[in-house]
Novice: 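Next up is a structure, given as structure tokens.
Note on naming: letters A, B, ... go to the chains in the order of the sequence lines (proteins, then strands), and numbering restarts at 1 for each one.
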Amino acid sequence: MNYWLMKSEPDVFGIKHLQAAPNKTEPWDGVRNYQARNFMRDTMKKGDKVLFYHSNAKPPGVAGLAVVVKEGYPDHTSWDEGCKYYDPKSSPENPRWFMVDIQFKKEFKRIISLDELRQVPDLKDMVLLNRSRLSVQPVAKEEYDIICALAK
DNA sequence: GCCAACGTTGGC
DNA sequence: GCCAACGTTGGC
């Protein structure tokens with residue numbers, strides 16, 4: 001069992017959008033970063049738990065929880081010409097980008113803000129606080145548990 | 001809207 | 001394979 005943090009802009013696709021999606025499930029398309037892709041393609045497994053993070057928000061922070069329901073598969077938006085995620089170097093025969101499906105679990109009663117996370121000494125090694133630009137990133141179980149406890 | 005951090009591209 | 005130019009992310 002692995003734990004993850006996935007970022008999305010709430011104006012574009014927030015936790016409420018995930019909750020409102022069919023089966024409360026959505027493919028995590030559009031990731032165009034190799035490290036993030038590798039996590040989704042190789043490491044994320046069905047049942048892995050996900051912190052749903054709102055970036056470019058006021059305030060930025062963890063908004064709720066989701067779960068991986070489908071493991072890595074090719075991101076078809078990468079060969080859909082005219083789609084904003086189109087990448088001419090990707091094709092159905094040779095897909096370059098991958099995604100997973102995640103399902104809504106819960107929305108926190110309040111946002112656990114980035115600022116609040118920074119205050120917690122045991123979270124100082126979080127990837128979020130050190131490599132801020134990675135949009136799909138691993139989280140330690142201890143970190144996941146601390147953040148869930150903050151949301152109680 | 002600014003801009004620092006940093007990942008990617010492409011010429012050499 | 002280096003590295004300058006460029007584009008994107010994301011906090012502020």
Novice: Enumerate the ring-ring contact (aromatic ring centres under 6.0 Å, His included) contacts for residues 129-152 of chain A, please, sequence neighbours excluded, ordered by first and then second residue.
Specialist: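 Pairs touching residues 129-152 of chain A that pass the test: A/Y3-A/Y144.
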Novice: Is there a chain of hydrophobic side chains (I, L, V, M, F, W, Y, each step under 4.5 Å between heavy atoms) that links A/F104 to A/I102?
Specialist: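 Same cluster: A/F104 reaches A/I102 through Ile, Leu, Val, Met, Phe, Trp or Tyr contacts under 4.5 Å.
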Novice: State which residues pass salt bridge (Lys or Arg N to Asp or Glu O under 4.0 Å) with A/E142; sequence neighbours excluded, sorted by chain then number.
Specialist: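 Per chain and number, A/E142 pairs via salt bridge (Lys or Arg N to Asp or Glu O under 4.0 Å) with no residue.
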Novice: May I ask you to list the residues of residues 108-124 of chain A, by number, that have any heavy atom positioned under 4.0 Å from an atom of DNA chain C?
Specialist: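 Contacting residues: A/L114, A/R118.
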Novice: Going through the distances and angles, do A/S90 and A/R32 end up as a side-chain hydrogen bond (donor to acceptor under 3.5 Å, both in side chains)?
Specialist: CA-CA 11 Å; A/S90 185; A/R32 298 291 179 267; over 6 Å; no
Novice: Transitively linked via ILVMFWY side-chain contacts under 4.5 Å: A/L150 with A/M126?
Specialist: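 Looking at the clustering, A/M126 is in the same group as A/L150.
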Novice: Does the protein touch nucleotides 2-10 of chain B at the base, only the backbone, or not at all? Give it as B, S and - per nucleotide, heavy atoms under 4.0 Å.
Specialist: ---BBSS--
Novice: For A/Y34, give me all partners under side-chain hydrogen bond (donor to acceptor under 3.5 Å, both in side chains), at least two apart in sequence or on another chain.
Specialist: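 Result, side-chain hydrogen bond (donor to acceptor under 3.5 Å, both in side chains) vs A/Y34: A/R96.
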Novice: Can you list everything that forms a ring pair (Phe, Tyr, Trp, His ring centres under 6.0 Å) with A/F52? Sequence neighbours excluded, please.
Specialist: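 For A/F52 the ring pair (Phe, Tyr, Trp, His ring centres under 6.0 Å) partners, ignoring immediate neighbours, are A/W28, A/H54.
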